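Position 1 is the first residue of the sequence; numbering continues from there. These numbers come from the heavy atoms of this one structure, side chains and all, not from hydrogens, waters or symmetry mates. In this text the structure is predicted, and so the values were computed from the model without any measurement.
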Amino acid sequence: MNVLVTGGNAGIGYFTAEQLAEAGASVVLGSRSQTKADAAADAIRARVPGAVVRHLPLDLADLPSLKSSADGLDPLDAVVFNAGIADAEPEILFATNHLGHFALAYWLAPLLTSARIITVGSFAARSERLDLDDLQSLEERDTKRAYGRSELAQMSFGFELDRRLRAAHSKAMSVVVHPGGALDSLTPSRPGVHTRPASTRIAGLLLHGKDSGARPAVHAVLDPAVEGGQLWGPRQFGLRGKPHLEQPHAHMTDEQTAKKLWDKSCELTGLDLGEVLGL
């Protein structure tokens, strides 16, 4: 199994890659930084002797560069659209968290004919709604809200992608996941990748670490019973615990909103994802 994990050098992306490698997958770490990707690969190999892991230069904020990144890949059994940032200018948040993955899907299309396309969203998307007239939050420059909206856009895209794949009778499927409440303070250390800071007992009762937050994505890649269009997250209140099949909130799966988001994403990237996927 050949799997690309965007943002696979740190955080939830790293633990997704580590757990997939433990399951025997060949893992490609999509990362802007060669140094950070090398450190992540070394950490994985230290825990999984013989792991097949390599780096793919990938900068989701630089849309023109994504074609050359995709050109360096073999056919994929799965891709995990995980990379994201939470603290930046609103337009950078939307460009990186959503538009970058939308454009990457375009360039990966020939490699995804029967793949599982896993989109990692966020608990923050529950309380937000998309402003289709201001997707990049240029008018309301609230970083926290812009982050939640960018994650909601990515989740809405994941559900819409699966609807279109099903309508086209594609062998590929799109699944949406979220990590729940994943904290650095509850995440085990990995040399060169993460050093665990001081923890608190209270947080441990309510939330979990990024190693546990990675499990829904890993489950969506590996479990043969997973179906397209599903949402997987942690079992306990959507915040912690083992992967659990969830009922998505209505605003995440609203078809009219998703269609408008799809069209605007095509316009903003200059790429017709539906055409290249045959949808």
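- Between S137 atom OG and I92 atom CD1 the span is 12.5 Å, to the nearest 0.5 Å.
- When all heavy atoms of D162 and S174 are compared, the pair lying nearest together is OD1-N, 2.9 Å.
- Residues that satisfy the ring-ring contact (aromatic ring centres under 6.0 Å, His included) test with H219, not counting sequence neighbours, are W232.
- The backbone N or O of V3 sits nowhere less than 3.5 Å from a side-chain atom of D77 that would complete a donor-acceptor pair.
- For the residue pair F159 and G229, the shortest heavy atom distance occurs at CE2-O, 3.5 Å.
- S265 and H98 are linked by a side-chain donor-acceptor pair at a separation below 3.5 angstrom, with hydrogens and angles left out of the test.
- Residue pairs that meet the salt bridge (charged side-chain N to carboxylate O under 4.0 Å, His left out) test with at least one member in residues 269-279, sequence neighbours left out, do not exist here.
- Between V175 and G228 the shortest heavy-atom distance is CG2-CA, 4.2 Å.
- Distance check, rounded to the nearest 0.5 Å: OG of S170 to CD1 of I117 gives 7.5 Å.
- Considering all non-hydrogen atoms of both residues, G241 and H208 come closest at N-ND1, 3.4 Å.
- Between I118 and V80 there is a side-chain heavy-atom pair separated by less than 4.5 Å.
- A220 and R116 get closest at one heavy-atom pair: O-NH1, 2.8 Å.
- Here the side chain of S114 pairs no donor or acceptor atom with the backbone of K171 at under 3.5 angstrom.
- Remark: the backbone N or O of F81 is not paired with any side-chain donor or acceptor of T119 at under 3.5 angstrom.
- Remark: side-chain polar atoms of N2 are paired, donor with acceptor, to backbone N or O of P75 under 3.5 angstrom.
- At a cut-off of 3.5 Å, with distance as the only test, no side-chain donor of H178 or E151 sits close to an acceptor on the other residue.
- For the pair S156 (side chain) and L152 (backbone), a donor-acceptor distance under 3.5 Å is absent.
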Any chance you could lay out the side-chain contact (heavy atoms from CB on, under 4.5 Å) test for V27 and I44, step after step, and finish with the verdict?
-> CA-CA 10 Å; V27 182; I44 291 172; 5.6 Å; no
When you look at D131 and R149, which way does the side-chain contact (heavy atoms from CB on, under 4.5 Å) test go after all the steps?
-> CA-CA 8 Å; D131 182 347; R149 286 177 171 177; 4.1 Å; yes
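- Distance alone, capped at 3.5 Å, places no donor-acceptor pair between the E227 side chain and the M173 backbone.
- Both L273 and L76 sit in one connected hydrophobic cluster of ILVMFWY residues. Membership requires side-chain heavy atoms under 4.5 Å apart, directly or through other members.
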Steps toward side-chain contact (heavy atoms from CB on, under 4.5 Å) verdict (T6, H101) | CA-CA 9 Å; T6 69; H101 282 122; 2.9 Å; yes
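- Under a hydrophobic clustering in which Ile, Leu, Val, Met, Phe, Trp and Tyr are joined whenever their side-chain heavy atoms come within less than 4.5 Å, directly or via other members, Y14 and V218 fall into the same cluster.
- Taking 4.0 Å as the cut-off between side-chain N and carboxylate O, E128 and R145 count as a salt-bridged pair.
- Closest approach of G84 to N97, counting heavy atoms only: CA-OD1, 3.1 Å.
- A search for ring-ring contact (aromatic ring centres under 6.0 Å, His included) contacts involving F15 returns nothing, not counting sequence neighbours.
- Counting non-hydrogen atoms of other residues, nucleotides and ligands closer than 6.0 Å to CZ of R32 gives a total of 12 or fewer.
- For residues 262-271, the set of pairs meeting the salt bridge (charged side-chain N to carboxylate O under 4.0 Å, His left out) definition, not counting sequence neighbours, is empty.
- Sorted by first and then second residue, the pairs that involve residues 38-52 and meet salt bridge (charged side-chain N to carboxylate O under 4.0 Å, His left out), not counting sequence neighbours, are E18-R47, D42-R45.
- W262 meets the ring-ring contact (aromatic ring centres under 6.0 Å, His included) test with F102, F157; sequence neighbours excluded.
- The shortest distance between side-chain heavy atoms of R163 and E160 falls below 4.5 Å.
- Taking CG of D133 as the reference point, atom CG of L130 lies at 11.5 Å (rounded to 0.5 Å).
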Would T269 and L99 count as a side-chain contact (heavy atoms from CB on, under 4.5 Å) if you check the C-alpha gap in whole Å, the side-chain angles of each, and the deciding distance to 0.1 Å?
-> CA-CA 7 Å; T269 61; L99 290 182; 3.9 Å; yes
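- Rounding to the nearest 0.5 Å places CG of L93 at 11.0 Å from CD of Q136.
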